Amino acid sequence: MTPGEMTSGMIADSIVNLCGAIGLGVAMITLHRRDPTGPLTRRLLVALGIIASLFLVRGTAWWIGSVVLNNLSAIPAALIPLGALIVTEGILRRHAPRPAKIALLSGGIALGLAGAAGLETLATPAAILLALFQLAGFAICAWLLATRDRATLMVSENRIVGRLAVGAILVIPFIITDFRVLFPDIPVRLGAFGSIARRYRDIDR
């Protein structure tokens, strides 16, 4: 699709995603300046970088009408659960079960490469698998956090876990709008808006 053929919905999607990438970039800079040597800083920067790259590649793809870039955006999208697991390990100060790591790493690579291949006949199945994979990854992280030994964490750390849980619940409706293959009637994809809103909420605390 050429830029001249862009619909108002695609323009809105592009703007939301590009703004989300810029917003997350600012959040990453703020986080690094605030706590450059913190135990969670590197992990958070990795996770935020994955999400920011998704918004940047996807927003640019929709803006210029690039099918190749749009397909490549599947790679960071599939790696988001791995980024969430990396942050979860940092919060809990212990490694996640090895099977969980292998599943999220291998699954992320497989789904990312499958999406990047851009096979039109597999667009809907790939979107369904990606949605289920992301939900499964978030569920694993939620389970690890919910079953944590609270006595091994400080009060402030347990409070952070609670905020993450509330933030995740608030962001889920926004994330769902990103899967337009599954929900074609949604006017604008707001996943980027939800992610950046949650990130600034966490940083401001």
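Quick caveat: nothing in here was measured; it's all calculated off a predicted structure.
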To the nearest 0.5 Å, what is the distance between CG on Leu54 and CG on Leu72? 11.5 Å

Rounded to the nearest 0.5 Å, the CG atom of Leu56 sits from the CG atom of Leu69 at a distance of 9.0 Å

Grouping I, L, V, M, F, W and Y whenever their side-chain heavy atoms are under 4.5 Å apart, do Ile75 and Val68 come out in a common cluster? yes

Could I get the full list of side-chain hydrogen bond (donor to acceptor under 3.5 Å, both in side chains) partners for Arg93, not counting sequence neighbours? Glu157

Could you measure the distance from the CG atom of Asn17 to the CH2 atom of Trp62? Nearest 0.5 Å is fine. 4.5 Å

Can you find a pair of side-chain heavy atoms, one from Leu144 and one from Leu85, that are under 4.5 Å apart? yes

For Ser53, enumerate each residue passing the side chain to side chain contact (heavy atoms under 4.5 Å, CB included) test, keeping only those at least two apart in sequence or located in another chain. Pro76

Residue pair Ile15 / Trp63, side-chain heavy-atom distance below 4.5 Å: yes

What pair of heavy atoms forms the shortest contact from Ala74 to Gly115, and how long is it? CB-CA, 3.6 Å

Can you give the donor-acceptor pairs under 3.5 Å from side chains of residues 136-143 to other protein atoms, not counting sequence neighbours?
none

Gap between atom CD1 of Ile64 and atom CG of Asn70 - 0.5 Å precision: 10.5 Å

Minimum heavy-atom distance between Pro81 and Gln134, given as atom pair plus value: CG-CA, 3.7 Å

Residues passing the side chain to side chain contact (heavy atoms under 4.5 Å, CB included) test with Leu129, sequence neighbours excluded, are Leu111

Just to verify, what does Ala47 make a side chain to side chain contact (heavy atoms under 4.5 Å, CB included) with, not counting sequence neighbours? Val87

Check whether any side-chain heavy atom of Phe133 lies under 4.5 Å from a side-chain heavy atom of Leu104, and answer yes or no. yes

In chain order, what residues pass the side chain to side chain contact (heavy atoms under 4.5 Å, CB included) check against Leu113, with sequence neighbours excluded? Ile109

Quick note, salt bridge (charged side-chain N to carboxylate O under 4.0 Å, His left out) partners involving residues 102-115, not counting sequence neighbours, are none

Can you give each donor-acceptor pair under 3.5 Å made by side-chain atoms of residues 35-44, sequence neighbours left out, with the distance rounded to 0.1 Å?
{"residue": "Asp35", "atom": "OD1", "partner": "Gly38", "partner atom": "N", "Å": "3.3"}
{"residue": "Thr41", "atom": "OG1", "partner": "Asp35", "partner atom": "O", "Å": "2.4"}
{"residue": "Arg43", "atom": "NH1", "partner": "Ile86", "partner atom": "O", "Å": "2.8"}

Is there any side chain to side chain donor-acceptor pair (under 3.5 Å) pair reaching into residues 101-114, and which pairs are they, with sequence neighbours excluded? Glu89-Lys101, His95-Lys101

Pairs satisfying salt bridge (charged side-chain N to carboxylate O under 4.0 Å, His left out), at least one member in residues 23-33, at least two apart: none

